[in-house]
Amino acid sequence: METVSPHPTVWSREAGLQEKRDVWQALKRGFRGRCPRCGEGKLFRAFLKVDDACSACGQDFTPHRADDLPAYLVIVIVGHIVVPLALWIETNYSPPVALQLAIYLPLTLVASLVLLQPVKGAVVGIQWALRMHGFDEANPEP
């Protein structure tokens, strides 16, 4: 049985002439906490709360869907830094376990908190650049 989508995709010349969005530039701007479109306005109104719109260009950020991806990416990044460091220190120096915990736990916590906002900004920037989740003006999601 075939399913018919309620909104068929219609390709036209105007659809192909949309503004170009550079993924790397949007990623870098988002990582810095700036609007992925203009690079001037702030992306966040609080630590992890994305602003409703850019104060400089008016880009609407309400359709973003970062969800849990930034947290997963931060876990992977911090894990790839802390675990090899811990293994290297353990094999070469064998410090006491209490000292290791006193070093690795705060290091993991601080690194995670430092990276969480930039990674979330980069995810929102990529979503904007790839026209995901309502960032496409020609085909907004309901």
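Just so you know, these numbers use all the heavy atoms, side chains as well, and skip hydrogens, waters and symmetry mates.
Grouped by direct or indirect side-chain proximity (heavy atoms under 4.5 Å, Ile/Leu/Val/Met/Phe/Trp/Tyr only), V83 sits with L87.
Side-chain atoms of R65 come within 3.5 Å of backbone atoms of P63 as a donor-acceptor pair (strictly under, hydrogens ignored). Not one N or O on the side chain of R21 forms a donor-acceptor pair closer than 3.5 Å with the backbone of A26.
Summarising the geometry of P95 relative to L99, their closest heavy-atom pair is CB-CD2, 3.8 Å, with the distance given to 0.1 Å. Of all heavy-atom pairs spanning L115 and I77, the tightest one is CD1-CG2, 3.6 Å. For V123 against P70, the heavy-atom pair with the smallest separation is CG2-CG, 4.2 Å.
The side-chain heavy atoms of L109 and P106, taken from C-beta on, include no pair separated by under 4.5 Å. Within the 4.5 Å cutoff, the side chain of W128 has no heavy atoms near those of the H64 side chain. Contact of the Y104 side chain with the I89 side chain is registered, since non-hydrogen atoms from C-beta on lie closer than 4.5 Å.
In terms of hydrophobic clustering, with Ile, Leu, Val, Met, Phe, Trp and Tyr side chains grouped at heavy-atom distances under 4.5 Å, L73 and W24 are assigned to different clusters. One hydrophobic cluster, built from ILVMFWY side chains closer than 4.5 Å, holds both L85 and I103. Hydrophobic cluster membership differs between V74 and F31, with clusters built from Ile, Leu, Val, Met, Phe, Trp and Tyr side chains linked at under 4.5 angstrom.
Rounding to the nearest 0.5 Å places CG of L27 at 11.5 Å from CD of Q127. How far CG of D52 is from CZ of F61: 10.0 Å, rounded to the nearest 0.5 Å.
Exactly one residue among V114, T108, L113 makes a side-chain contact (heavy atoms from CB on, under 4.5 Å) with V78. That residue is T108.
For residues 110-124, the set of pairs meeting the side-chain hydrogen bond (donor to acceptor under 3.5 Å, both in side chains) definition, not counting sequence neighbours, is empty. Sorted by first and then second residue, the side-chain hydrogen bond (donor to acceptor under 3.5 Å, both in side chains) pairs with a member in residues 80-102 read E90-Q100; sequence neighbours excluded. For residues 41-50, no pair satisfies side-chain hydrogen bond (donor to acceptor under 3.5 Å, both in side chains), with sequence neighbours left out.
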Note to self: Let's go through V50 and F44 carefully: what are the C-alpha distance in whole Å and the side-chain angles of both, what is the deciding distance for side-chain contact (heavy atoms from CB on, under 4.5 Å) to 0.1 Å, and is it a yes or a no?
What the structure shows: CA-CA 4 Å; V50 176; F44 296 98; 3.9 Å; yes
Next item on the list: Please report the C-alpha distance between L69 and V119 in whole Å, then the side-chain angles of each, then the deciding distance to 0.1 Å, and finally whether the side-chain contact (heavy atoms from CB on, under 4.5 Å) criterion is met.
Entry: CA-CA 9 Å; L69 180 62; V119 169; over 6 Å; no
Next item on the list: Please assess L130 against V23 for the test side-chain contact (heavy atoms from CB on, under 4.5 Å), listing each intermediate value before the final yes or no.
Entry: CA-CA 7 Å; L130 298 178; V23 175; 3.7 Å; yes
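Applying the side chain to side chain donor-acceptor pair (under 3.5 Å) criterion to D60, with sequence neighbours excluded, gives T62.
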Could you list the donor-acceptor pairs under 3.5 angstrom formed by side chains in residues 33-41, with sequence neighbours left out?
| from | atom 1 | to | atom 2 | distance (Å) |
| --- | --- | --- | --- | --- |
| R34 | NH1 | E40 | O | 3.4 |
| R37 | NH1 | Q59 | OE1 | 3.4 |

